[in-house]
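Let me begin by presenting the structure, written as structure tokens, before commenting on it.
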Amino acid sequence: MRGLALIAALLLPGLAAAQAITVARYADPADRYGHRVLGAGGEWGAMLLTLDDGTTRRVTLPETLVFEDIAPRLADLDGDGTPEVIVVESSLRHGARLAIHGPGGRIAATPHIGRRNRWLAPVGAADLDGDGHMEIAYIDRPHLAQVLRVWRFRDGALTRVADASGLTNHKIGWDFIPGGIRHCGEFPEMITAVSGWSQIVATRLVGDRVLSAPIGPYVGPDSLAAALACP
């Protein structure tokens with residue numbers, strides 16, 4: 001039977017097991033954008049994907065785009081047991097967008113913010129409301145607008161679910177993004193700071209709304225990291 005399965009896979013490529021991404025990393029530091037919101041680095045022209053068969057695929061962006069991010073994020077967004085890659089792509093003219101890549105290339109993306117030197121800082125990905133579909137959250141313009149946006153990934157597409165103003169997770173020049181998503185109760189919570197950096201808040205997705213509650217004072221980025229631990 002194993003021999004028959006191998007022959008079938010060779011004759012019918014569609015029957016072969018799909019390749020899975022095991023590692024993703026950015027490559028080719030780029031200076032064509034020069035936003036430097038993440039400090040001296042943080043802008044890349046390419047991404048390297050290592051697959052479970054040992055091969056590597058290279059995603060090279062056109063000259064009009066850069067990856068503007070700290071690192072690619074692996075998450076199983078479609079529930080098939082293998083991860084997709086979540087990245088931040090910035091247009092030299094239209095600013096940042098969040099994008100999802102698979103072994104075969106880009107799967108989906110949000111619209112660009114709309115203006116050069118406008119960025120977004122990912123919070124994380126989880127099934128935030130328990131409906132069986134994954135949501136991805138980010139802060140739109142964490143230094144300016146400071147809006148939490150939640151998008152749902154379903155059937156290969158992103159749909160905007162909810163927004164909330166007055167939240168942030170990044171300061172200009174940081175080469176890291178503190179906070180994230182914690183799993184402590186029935187539903188995951190998004191951990192960010194409030195505008196002005198006085199408090200840390202936990203935010204939940206409830207229906208098509210997000211509800212935030214303060215959980216402690218902000219006393220530096222380490223306090224956001226500590227808040228990811230369950231109380």
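Taking 4.0 Å as the cut-off between side-chain N and carboxylate O, Arg36 and Glu43 do not count as a salt-bridged pair. The pair Arg152-Asp129 meets the salt-bridge criterion, with a side-chain N (NZ, NE, NH1 or NH2) lying under 4.0 Å from an Asp/Glu carboxylate O.
Residues Leu205 and Glu135 have side chains in contact (heavy-atom distance under 4.5 Å, counting atoms from C-beta outward). A heavy-atom distance below 4.5 Å is found between the side chains of Val88 and Pro122. Residues His101 and Val59 have side chains in contact (heavy-atom distance under 4.5 Å, counting atoms from C-beta outward). Leu167 is listed as a side-chain neighbour of Val201, based on a closest heavy-atom distance under 4.5 Å. Arg93 has its side chain out of reach of Arg115: every pair of non-hydrogen atoms, C-beta onward, lies at least 4.5 Å apart. At least one side-chain heavy atom of Pro231 sits under 4.5 Å from a side-chain heavy atom of Cys184. Between Val123 and Ile181, some side-chain heavy-atom pair lies under the 4.5 Å cut-off. A heavy-atom distance below 4.5 Å is found between the side chains of Leu38 and Trp119.
Distance check, rounded to the nearest 0.5 Å: CD of Gln146 to OG of Ser165 gives 9.5 Å. Summarising the geometry, atom OG belonging to Ser90 is positioned 7.5 Å from atom CD1 belonging to Ile113; distances are rounded to the nearest 0.5 Å. Annotation: the span from His143 atom NE2 to Ile139 atom CD1 amounts to 10.5 Å, rounded to 0.5 Å. Once rounded to the nearest 0.5 Å, the distance linking CD1 of Ile215 with CD of Gln199 reads 9.5 Å. Ile177 contributes atom CD1, which lies 12.5 Å from atom OG1 of Thr192 (distance to the nearest 0.5 angstrom).
Put simply, the side chain of Thr110 gets close to the backbone of Leu98: a donor and an acceptor are under 3.5 Å apart. Between the side chain of Arg182 and the backbone N or O of Cys230, no donor-acceptor pair lies under 3.5 Å. At least one donor-acceptor pair under 3.5 Å links the side chain of Asp52 to the backbone N or O of Ala20. A donor-acceptor contact shorter than 3.5 Å links the side chain of Asp127 to the backbone of Gly132. The backbone N or O of Pro188 sits nowhere less than 3.5 Å from a side-chain atom of His183 that would complete a donor-acceptor pair. Remark: side-chain polar atoms of Thr22 are paired, donor with acceptor, to backbone N or O of Thr50 under 3.5 angstrom. Of the possible polar contacts, none joining the Arg58 side chain to the Met47 backbone as a donor-acceptor pair under 3.5 Å is found. Thr203 places no side-chain N or O within 3.5 Å of a backbone atom of Ser212 that could act as its donor or acceptor partner. Judged by distance alone, the side chain of Arg160 and the main-chain N or O of Trp151 form no donor-acceptor pair under 3.5 Å. Put simply, the side chain of Glu68 never gets that close to the backbone of Glu89: no donor and acceptor are under 3.5 Å apart.
The minimum heavy-atom distance between Leu77 and Met134, with the atom names listed, is O-CG, 3.6 Å. Contact between Met190 and Arg204 at its shortest, heavy atoms only, is CE-C, 4.3 Å. In this structure, Pro221 and Phe176 approach most closely via the heavy-atom pair CB-CE1, 3.7 Å. The heavy-atom pair separating Ile86 from Ala75 by the smallest distance is CD1-CB, 4.2 Å. Ala193 and Leu224 make their closest contact through N-CD2, 4.0 Å (heavy atoms, listed as atom of the first residue, atom of the second, distance). Taking all atoms of both residues into account, the shortest heavy-atom contact from Leu48 to Thr56 is CB-CG2, 4.3 Å.
The neighbour count for Asp31 CG, taken as heavy atoms of other residues, nucleotides or ligands under 6.0 Å away, does not exceed 12. Around CZ of Arg154, the count of heavy atoms belonging to other residues, nucleotides or ligands within 6.0 Å does not exceed 12.
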- Message: Walk me through whether Tyr26 and Asp69 qualify under side chain to side chain contact (heavy atoms under 4.5 Å, CB included).
- Response: CA-CA 9 Å; Tyr26 293 130; Asp69 200 1; 2.7 Å; yes

- Task: Tell me, with the steps shown, if Gln19 and Thr55 meet side chain to side chain contact (heavy atoms under 4.5 Å, CB included).
- Result: CA-CA 10 Å; Gln19 292 173 305; Thr55 62; 3.8 Å; yes

- With side chain to side chain contact (heavy atoms under 4.5 Å, CB included) as the test, would you mind laying out the steps for Arg141 and Leu120 before giving the verdict? CA-CA 5 Å; Arg141 292 159 289 174; Leu120 63 87; over 6 Å; no

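Note: His170 and Trp174 have perpendicular aromatic rings, judged against thresholds of 30 and 60 degrees for the angle between ring planes.
Hydrophobic clustering keeps Leu74 apart from Leu228 (ILVMFWY residues linked when any side-chain heavy atoms are closer than 4.5 Å, directly or through intermediates). Linking ILVMFWY side-chain heavy atoms closer than 4.5 Å, directly or via other members, places Val37 and Ile70 in a single hydrophobic cluster. Under a hydrophobic-cluster definition in which Ile, Leu, Val, Met, Phe, Trp and Tyr are linked whenever side-chain heavy atoms come within less than 4.5 Å, directly or via other members, Phe153 and Val150 are assigned to different clusters. The cluster map of Ile, Leu, Val, Met, Phe, Trp and Tyr, joined by side-chain heavy atoms under 4.5 Å apart, puts Ile21 and Trp44 in the same cluster. Tyr33 and Leu65 fall into different hydrophobic clusters, where Ile, Leu, Val, Met, Phe, Trp and Tyr are joined by side-chain heavy atoms under 4.5 Å apart, directly or via other members.
A side chain to side chain contact (heavy atoms under 4.5 Å, CB included) with Val85 is found for exactly one of Leu49, Val23, Ile107, Ile100, namely Leu49.
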